[in-house]
Amino acid sequence: MQMPSKYDASQVENKWYDYWMEHKYFHSTPDDREPYTIAIPPPNVTGVLHMGHMLNNTIQDVLIRRARLLGKNACWVPGTDHASIATEAKVVAKLKEQGIDKNTLTREEFLKHAWDWTHEYGGVILEQLKKLGCSCDWDRTKFTMDDEMSEAVIKVFVDLYNKGLIYRGYRMVNWDPEAKTTLSDEEVIYEEKQGNLYYLKYKIKGSENALTIATTRPETIFGDTAICINPNDERFTHLKGKQAIVPICGRVIPIIEDDYVDMEFGTGCLKVTPAHDENDKNLGDKHKLQVVDIFNEDASLNSFGMHYEGKDRFVVRKEITKELEDQGFLVKTETRINKVGTSERTKAVIEPRLSDQWFLKMEELAQPAIKAVLGEDSEIKLFPKKFENTYRHWMENIRDWNISRQLLWGQQIPAYYYGDGKEDFVVAESIQEAVELANKKRNVTLSAVKAPLTKEDLTQDKDALDTWFSSWLWPMSVFDGIRNPENDDIKYYYPTNDLVTGPDILFFWVARMIIAGYEYKDEKPFNNVYLTGLVRDKQRRKMSKSLGNSPDALKLIEEYSADGVRVGLLLSSAAGNDLMFDEALCQQGKGFGNKIWNAYRLVDGWDIDQNIPQPNSSKIAVEWYVSKFQKALLEIEDHFSKYRLSDALMAIYKLIYDDFCGWLLEMVKPAYQQPIDAITYRAIIAIFENNLKIVHPFMPFLTEDIWHYIAERTPDEALIVAKWPETKPINETLIAEFEFASEVITGIRNIRKQKNIAFKDAIGFSVINNEKTNTTFDTIISKLGHLESMDYVSETIEGALTFRVKSNEYFVPMAGSIDVEAEIKKLTEELSYTEGFLKSVQKKLSNERFVAGAPEQVITNERNKEADALAKIETLKTSLASLV
RNA sequence: GGGCGCAUAGCUCAGUUGGUUCAGAGCACUUGGUUUACACCCAAGGGGUCGGGGGUUCGAAUCCCUCUGCGCCCACCA
């Protein structure tokens, strides 16, 4: 087939992706091969591809394609996450645009909108992954809200409840007043903000005296139910047992004592607002204080806020400060930096709020997950290892997980209420079961038997479960391993091999998957966790939509080709290190593709002559490269085993660019318009095929395309399912000899450059072979140096340019044009450098403690260095003598 | 406040148990080169007191202490 001179990426990419899909290379079913499995970190169903996804999924595809070439049964399960709060926020915003208020809709109506949205946009991101070349088993695509996935979630909830691990509690939670839902601690981002510390005067009841407290939140005085002082604080002894009067609302509250109060901070008097601060809640519980909640769901004030009712908390803060000041209650204001919790999704300032929530007890569940990751013989390895510390810290201080969200989009909590009492509820997988359970439970409680409850008497809890409560089951539920634990898929594919994700969800997701894995399969969910870094721009800023510094992923692919972008992303992204993304890297990736393309164009253009013998230079060249390739193969293997993908790619890059294109092809290339012998040609093709195999995981499209130019192939022979190159013995001698030869060639090139000798002009060449190197590479030196001849001599050649490699001396005769002065200068400089070097080596060797303390190997080396230096000095001296 | 980690060439980073290959790679840069696959190319070259200071050792980028500057995680004193 005629090969175009330019590589047309988009056409090629579509062609081969379709081809792979058509022949079902991505699809996997259990068989007797070793499985290699990755469950994708499911992106948000309504999301679009960003640089983080690109990096993440490129890594996964490299791993999965390599596993496929290694003959494993590779299965990469794709899917999307319903991302409850993020998606719900988007749907609410869209409805708002259409003039629809979420609160006017029934649950069913809202969910219909959400599903419409999901069907419209869901899967866009998966289509984008295809453009990147991701070889997911699309037949297995899952969504965390699929019926069977939801069923698994509910089953697990009920099971954990029955085990006594899930409980309902009236607790202080993080309330997002914009989304009107609870957030887990992990979803709250603390930001430093400039704020004020207000000093407020509270009158003492039945006295003319007053006390002063300091607060950052004056609007919460309506919720004050006590003033607290430290019992050891002598300044306030006179306040003990007294009562204080809250400004503006005039409520009388007790003055209590607790050594929780820091005497150094503020005034040493603390106002206690149990409804709106976690620590105050604790104080409140301890001292049996009243709880006054002053906020509505949207964080506007309720009727306790008196004339501020209905106004937003921040508006009230401003206005009440004014009122307090006018009435003489405000003593002073200090500016202060404090950390304010904000919602990861909506950016709203979090309000601590007391409410009924569902919690999962974590401490006991976490134990197997701690053991699995930490310690010497850990079952799960984190890459890079440094995240183990972070993991340990979190796991050993784990708090109960608040799993309920006041959202509609998600699995509805399977708790059913049937009475007025706080405990009048049951937890069940279905309403039928709930009815039965409820009747049983009620009959036990009640002395008299009442008419049985029916479906209509039960109300299901309105809250939905936290998104992560479904995704923590992901590696199991994608194989239906929760509902159907003995099925073939779960038995074959679980545990999965590698998980590739960002460290930002180490706790949200990774830790919890490990916990769930041990609880439900009694086994780890994956062997290795590869934690990628954040993608940042050149100025180290995190790439984000709001900054507008994130390039359009698909445009990048259009411009640099999918392969180019993949290589660009991986060129500089060690595991766990942030990636300083620069489009120039994609350009380099594209350039690499171009290099490989043109290399094949060269080979493809050769005429083959069956009758000419293989030149010795070509024979050696091929043998050398085969060894070089094998050496690289080992190195690549080692990098992969340590998940050093950038290093593996760089090793491949250098092998192809320098050793293959730069050296091998130059060594075997026939003269202009001359044919190549058949033996060399066949060897080069075999080498080329091996090269393509190792590049394929990184650049799947280009390599598959060239693969089919090399030969007509049946579908079974496609590159994607080819066999990874076999390992063979390495001829280290040959590699070392080439190293030496390449230095000789460099020397010749330098002389040509110095004297402006064009490559097309052949030159004479002589050598004094003090090193006794053998002649293996002579034909190659001759070819690449364009030598007339290569003579072995024993005496210095007069009137020649010289250079040395080790103690060998080389001569390029140049009668009449030798600058003797310059030669002497050059030789003198080389001599003094070598003598200095020798001195330092000898100094080391004459140090008794060195000779006594250093290992044999090191000493031998130093002795070799000494001998080399002495030989070279000898050579230099002889040359100098002949010139002077 | 507690914990973890990082600092090596202009940039991004390797450097495994202290000693061959220890001062490296890629990119960028400088110089020279083009009828013969590729200027998306080839060749050659410059460039670093290994963040500062101190210590251990025959020997330190590597181990210890300290200072400085960054990054991340956790906890949240009103």
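Convention: sequence-line order gives letters A, B, ...; per-chain numbering from 1.
In terms of phosphate contacts, Lys595(A) brings no side-chain nitrogen or oxygen within less than 4.0 Å of OP1 or OP2 of C41(B). Residue Arg601(A) places no side-chain N or O under 4.0 Å from the OP1 or OP2 atom of C40(B). Side-chain N/O atoms of Arg644(A) include one lying less than 4.0 angstrom from OP1 or OP2 on G15(B). Between Ser646(A) and the phosphate of A14(B), there is no side-chain N or O to OP1/OP2 separation shorter than 4.0 Å.
Rounded to whole Å, the separation between the C1' atoms of G24(B) and G48(B) comes to 11 Å. Distance check on atom C1': U35(B) versus C42(B) gives 16 Å, rounded to whole Å. Comparing G10(B) with G51(B), their P atoms sit 13 Å apart, to the nearest whole Å. With P as the reference atom, A9(B) and G53(B) are 16 Å apart, rounded to whole Å. The P atoms of U62(B) and U17(B) are separated by 14 Å, rounded to the nearest whole Å.
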**OP:** Could you walk me through whether Tyr625(A) and Asn691(A) pass the side-chain hydrogen bond (donor to acceptor under 3.5 Å, both in side chains) test, one step at a time?
**Re:** CA-CA 11 Å; Tyr625(A) 185 81; Asn691(A) 286 346; 2.9 Å; yes

Original post:
Taking it one step at a time, do Thr273(A) and Lys271(A) satisfy side-chain hydrogen bond (donor to acceptor under 3.5 Å, both in side chains)?
Top reply: CA-CA 7 Å; Thr273(A) 322; Lys271(A) 78 184 196 65; 3.1 Å; yes

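For Ile229(A) and A78(B), the CD1 to C1' distance is 15 Å, given to the nearest whole Å. Distance Leu702(A) CG to A37(B) P: 19 Å, rounded to the nearest Å. Between the P atom of G3(B) and the CD1 atom of Ile398(A) lies a distance of 21 Å, rounded to the nearest Å. Counting to the nearest Å, the C1' atom of C38(B) and the NZ atom of Lys6(A) are 8 Å from each other. Nucleotide C73(B) holds its P atom 11 Å from the CZ atom of Phe508(A), rounded to whole Å. Following rounding to the nearest Å, Asp504(A) (CG) and G71(B) (P) show an atom-to-atom distance of 17 Å. C73(B) atom C1' lies 16 Å from atom CD1 of Ile505(A), rounded to whole Å. The NZ atom of Lys760(A) sits 11 Å away from the C1' atom of U34(B) (whole-angstrom rounding).
Evaluated for a side-chain contact (heavy atoms from CB on, under 4.5 Å) with Leu664(A), the options Asp659(A), Ile656(A), Asp658(A), Ile687(A) yield exactly one hit, Ile687(A).
Residue contacts shown for Asn279(A) are limited to sugar-phosphate atoms, with no base heavy atom under 4.0 Å away. Within the nucleic acid shown, Cys661(A) comes within 4.0 Å of at least one base atom, counting heavy atoms only. No contact: Arg392(A) has no heavy atom under 4.0 Å from any strand. Residue Lys865(A) is in sugar-phosphate contact alone, with no base atom involved, counting any heavy-atom pair closer than 4.0 Å across all strands shown. Residue-level contact check: Asn389(A) touches the backbone only, with heavy atoms under 4.0 Å from sugar-phosphate atoms and none from bases. Contact annotation for Lys669(A): base contact, defined as any heavy-atom pair under 4.0 Å involving a base atom. Thr273(A) comes within 4.0 angstrom of no nucleic acid atom, judged by non-hydrogen atoms across all strands. Using a 4.0 Å heavy-atom criterion, one finds that Val272(A) contacts no nucleic acid atom at all.
Nearest nucleotide to the side chain of His393(A), out of A44(B), G2(B), U12(B): G2(B). If you check C40(B), C76(B), C73(B) against the side chain of Gln587(A), the one that comes closest is C40(B). Of the candidate nucleotides G19(B), U20(B), A25(B), U20(B) has the atom nearest to the side chain of Asn861(A). Considering only side-chain atoms of Arg536(A), the nucleotide from G71(B), C73(B), C58(B) that sits closest is G71(B). For Lys654(A), the listed nucleotide lying nearest its side chain is G26(B); candidates were U16(B), G71(B), G26(B). Counting only heavy atoms from C-beta on, Met580(A) has its side chain closest to U12(B) among U12(B), A78(B), A44(B). Here the side chain of Asn598(A) is nearest to one of A78(B), C58(B), A37(B), namely A37(B). Closest to the side chain of Phe507(A), from the set G5(B), A78(B), C74(B), is C74(B).
At a cut-off of 3.5 angstrom, counting only N and O atoms as typed in the model, there is no donor on one side facing an acceptor on the other between the side-chain of Asn847(A) and the base of C58(B). Looking at Glu666(A), its side chain comes within 3.5 Å of the base of A37(B) through a donor and an acceptor atom.
The pair Arg217(A)-Glu351(A) meets the salt-bridge criterion, since a charged nitrogen lies less than 4.0 angstrom from a carboxylate oxygen. A salt bridge is absent between Glu388(A) and Lys381(A): the closest approach of a Lys/Arg side-chain nitrogen to an acidic carboxylate oxygen does not fall below 4.0 angstrom. One finds a salt bridge joining Glu862(A) and Lys865(A) here, because a Lys/Arg side-chain nitrogen approaches an Asp/Glu carboxylate oxygen to under 4.0 Å. A salt bridge between Lys286(A) and Asp258(A) is present, with a side-chain N of the basic residue lying under 4.0 Å from a carboxylate O of the acidic one. In this structure, Glu219(A) does not pair ionically with Arg313(A), as no charged nitrogen and carboxylate oxygen lie closer than 4.0 Å.
Toward the 5' end of RNA chain B, the nearer of the two residues Lys844(A) and Glu278(A), judged by each one's closest nucleotide, is Lys844(A). For Ala599(A) and Thr746(A), each mapped to the nucleotide of RNA chain B holding its nearest heavy atom, the one lying further toward the 5' end belongs to Ala599(A).
A 6.0 Å sphere centred on OH of Tyr833(A) holds no more than 12 heavy atoms belonging to other residues, nucleotides or ligands.
Within the shown strands, nothing qualifies as a pairing partner of U17(B) under the Watson-Crick or G-U definition with both distances less than 3.5 Å. When Watson-Crick and G-U wobble pairs are counted only if both distances are under 3.5 Å, C6(B) pairs with G69(B). C40(B) is unpaired under the Watson-Crick or G-U wobble criterion, no partner having all donor-acceptor distances under 3.5 Å. When both distances must be under 3.5 Å, the Watson-Crick or G-U wobble mate of C11(B) is G26(B). A 3.5 Å limit on both hydrogen-bonding distances identifies no Watson-Crick or G-U partner for G47(B).
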Tabulated below should be each protein N or O lying under 3.5 Å from an N or O of nucleotides 27-32 of chain B; please produce it.
from   : atom 1 : to        : atom 2 : distance (Å)
U31(B) : O2     : Lys753(A) : NZ     : 3.3

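Tyr391(A) has its ring centre no less than 6.0 Å from the ring centre of Phe507(A).
Between Phe738(A) and Trp663(A), the ring-plane angle classifies as perpendicular under the 30° and 60° cut-offs.
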